[in-house]
Amino acid sequence: MAMKYFSICLLVMLLQLNAFAQNDASKGFAFAEKQTGIMLKEIEQAKAAGKTGVSPRTLSPGGDLVLVPSKDWCSGFFPGELWYLYNYTNDVKWLELAKAFTANIEAEKTNGNTHDMGFKIYCSFGNGYRTTKEEHYKDVIIQAAKTLSTRFNPVVGCIKSWDNREWKFPVIIDNMMNLELLFKATKFSGDSSFYKIAVSHANTTMKNHFRADYSSYHVVSYDPETGAVLKKQTHQGYADESAWARGQAWALYGFTMCYRETKNKAYLQKAEKIAGFILNNHTLPADLIPYWDFNAPGIPNEPRDVSAATVVASALFELSTYSSIGKLYRSKADMIIKNLTEHYQAKPGEAKGFVLLHSTGSKPSNSEVDVPLSYADYYYLEALLRQKHLNGKGRL
Ligand code: GLY
């Protein structure tokens, strides 16, 4: 009898949690639809006033909408948000807008000057292909993978991140996010070279980017002739030996995705260790929205980085489907989403239509500190969709 009572209570509790999570997704998307309607008007006004650029990225210190050209690493996030709005609502209005904003950045498929191909092309065309199965989107992804592959150095075993800076061959942890495009390009084309490059990059990063506590360096600089590691540094974090919050988020998301695409258990274990570093960190606030760097010197008087929290939440939802401690990851992701939805959204009608406030782009260069950012909104919507699919026993 007691056992039956206990089982009923447990079931009621699980149903309640499920209902809260469904509620977050519907509240989050209802708000995102309204805000994106405002954003579209703001984009029109900015263009009418002579601004160029194809996608919104953030707000300027004066509060103006910042539109970026297709070559900017952030150009794919707004098209991606439009695909997610369509995925959630099935409203063809969002489909038409997603197609139009995605088309704006097609030229990037042949831009070999950057490693940010995944962010640009996969968040836009990748979501477009997942949604519509349109052949042209597949072709764009394959071409983008060919272009990205030109940045791979087999001696180093990695894709080069940046050109023309102080390093000979820098690789940043963010670069893990470009590998999904390569994995998919192999599936679409049958050309295994993209898959091999992705695996080599992930393995080399796993070997050289991490400390004993499973936190990640931001930049590892290699000698392109010998493959030797020359320096381990930061660029957007507080210090070379600190843990820049978004870098940890990219690492978590990247290795979780690599496990999905390869089923290599080493990637799963890496993702679990990174999740442990993030979730058990003594500077992680109770609401699970990290400061911009886990070692920022002025904690608790430091800006948060909501974008890192959204990437972590989305990654944890996926990781929860592979890990033996998946329930813990899912409850943490649910908590992040609940806190973002309740405490970090813009006021309705404000922030030029951005959804979330309080992200940090680059604190050391005093750029985009405590602002809305398009990638925070993108990964928030992705996390909401993953949460909804998980509640329906699927995965986005
Ligand atoms: N990939 C650039 C950044 O995370 O700021």
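The first residue of the sequence shown is numbered 1, and numbering continues consecutively from there. Start at 1 and go down the list; that is how both ligands and their atoms are numbered.
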- For R246, counting its heavy atoms only, list the atoms of ligand 1 lying under 4.0 Å from any of them. 3 (C), 4 (O), 5 (O)
- Query: Which atoms of ligand 1 are found less than 4.0 Å from any heavy atom of D174?
  - Reply: 1 (N), 2 (C), 3 (C), 4 (O)
- Item | Set of salt bridge (Lys or Arg N to Asp or Glu O under 4.0 Å) partners for E272, sequence neighbours left out | none
- Task: Just say parallel, tilted or perpendicular for the rings of F125 and H136, cut-offs at 30° and 60°.
- Result: perpendicular
- Query: When clusters are formed from ILVMFWY side-chain contacts under 4.5 Å, directly or step by step, what else is grouped with V219?
  - Reply: W162, W167, I172
- Message: If I apply the N/O under 3.5 Å rule, does D116 come out as touching ligand 1?
- Response: no
- Item | Backbone or side-chain N or O of Q236 under 3.5 Å from ligand 1 N or O | yes
- Task: Please determine if K327 forms a cation-pi arrangement with Y329, meaning its NZ or CZ atom is less than 6.0 Å from the six-membered ring centre and no more than 45° off the ring axis.
- Result: no
